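Shown next, in structure tokens, is the structure this report addresses.
Bear in mind that the values here come from a model prediction, so they are computed numbers and not experimental data. As the structure lists them, so they are numbered: ligands from 1, and atoms in each ligand from 1.
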Amino acid sequence: MIPNMEPFTRSVDLLSGAIAADAVVEDRRVADLHGYYLDDSGAEPDRIIYRLYAVPVPEANSELQCSTTVIEPGRIGREYHMTKGHFHAHRDRSEVYLGLAGDGLLILATEDGRHRVEPIRKGSLSYVPGGWAHRSVNIGDEPLAFFAVYVGDAGHDYATVAEHGFPVRVIQGDDGVPLVMEHPGHRR
Ligand code: M6P
Ligand code: ZN
């Protein structure tokens with residue numbers, strides 16, 4: 001084949017997760033996540049929950065999307081800061097996470113009601129097979145940063161998660177320790 005893209009190199013700050021130069025930066029704030037948390041009524045709508053840095057790559061199944069996510073420490077009510085979470089619009093597309101900094105959990109769920117909880121920390125490599133929705137949660141006191149690479153045309157299906165939720169939520173227990181609890185509102 002004759003390639004139609006040029007090779008390139010970008011710099012990832014391994015401590016902060018920031019990607020330099022032309023990365024597309026997007027902030028997700030409390031207001032953007034309304035409905036994802038049990039109760040966000042006490043949280044300032046402008047507070048940044050997480051920041052995404054995405055290297056612009058065509059959305060084709062021959063390409064690989066590369067991004068970092070940095071989740072600030074904190075809670076909304078008793079729930080730890082977390083991403084929206086999504087299935088891939090093309091369900092069979094997979095993804096890999098490499099933990100860079102902080103202390104987190106990766107929550108995975110299938111449409112038939114199974115779930116898994118995996119750690120995210122410096123050096124953790126998590127494989128997200130097709131068909132598993134994924135959400136990351138910062139359970140530490142420092143920013144949680146991880147690198148993700150996924151099939152170029154995977155796409156994000158947020159609607160299924162927004163409608164059904166994840167089977168578990170991560171909250172701070174009475175002793176201050178993170179607790180993974182069944183989510184009563186979750187429907188199959
Ligand atoms: C990772 C990848 C991205 C995703 C981001 C935030 O970097 O999975 O595709 O956008 O996490 O997660 P979400 O889009 O669910 O808020
Ligand atoms: Zn994904």
Heavy-atom closest pair, residues G131 and F87: O-CE2, 3.6 Å

Salt bridge present between D27 and R51 (N-O < 4.0 angstrom): yes

Ligand 1 atoms in contact with Y50 (distance to a heavy atom under 4.0 Å): 6 (C), 13 (P), 16 (O)

Contact check, side chains of Y50 and K84, non-hydrogen atoms, under 4.5 Å: yes

Metal-centred angle, NE2 of H134 through the Zn ion (ligand 2) to OE1 of E95, rounded to 10 degrees: 90°

Shortest reach to atom 6 (C) of ligand 1 by a heavy atom, considering only V70, L106, L52, D157: L52

A148, any N or O under 3.5 Å of ligand 1 N or O: no

Nearest-0.5 Å distance that lies between atom CD1 in I49 and atom CZ in R75: 12.0 Å

Nearest-neighbour protein heavy atom for atom 12 (O) of ligand 1, which is reported as residue plus atom name and distance: T83 CB, 3.7 Å

Those atoms of ligand 1 less than 4.0 Å from some heavy atom in Y150: 9 (O)

Side-chain donor/acceptor of E79 to backbone N/O of L38, under 3.5 Å: yes

At the Zn ion (ligand 2): angle between H86 atom NE2 and H88 atom NE2, to 10 degrees: 120°

Y97, any N or O under 3.5 Å of ligand 1 N or O: yes

Nearest non-hydrogen protein atom, atom 8 (O) of ligand 1: E95 OE2, 2.6 Å

Heavy-atom closest contact (T68 atom, G17 atom, distance): OG1-O, 2.6 Å

For R28, atoms of ligand 1 separated by under 4.0 Å from a heavy atom: 13 (P), 14 (O), 16 (O)

Subset of ligand 1 atoms that lie under 4.0 Å from at least one heavy atom of H156: 3 (C), 4 (C), 9 (O), 10 (O), 14 (O)

V170 and M82, any side-chain heavy atoms less than 4.5 Å apart: no

Ring centroid separation H88 to H134 under 6.0 Å: yes

Heavy-atom check, side chain of E95 versus side chain of W132, under 4.5 Å: no

Nearest-contact summary for atom 14 (O) of ligand 1 - protein heavy atom, Å: Y158 OH, 2.5 Å

Residue part near ligand 1, for Q65, under 4.0 Å between non-hydrogen atoms: neither

Ligand 1 atoms in contact with S67 (distance to a heavy atom under 4.0 Å): 7 (O)

Protein heavy atom at shortest distance from atom 11 (O) of ligand 1: T69 OG1, 3.2 Å

Any side-chain heavy-atom pair of D22 and P56 under 4.5 Å: yes

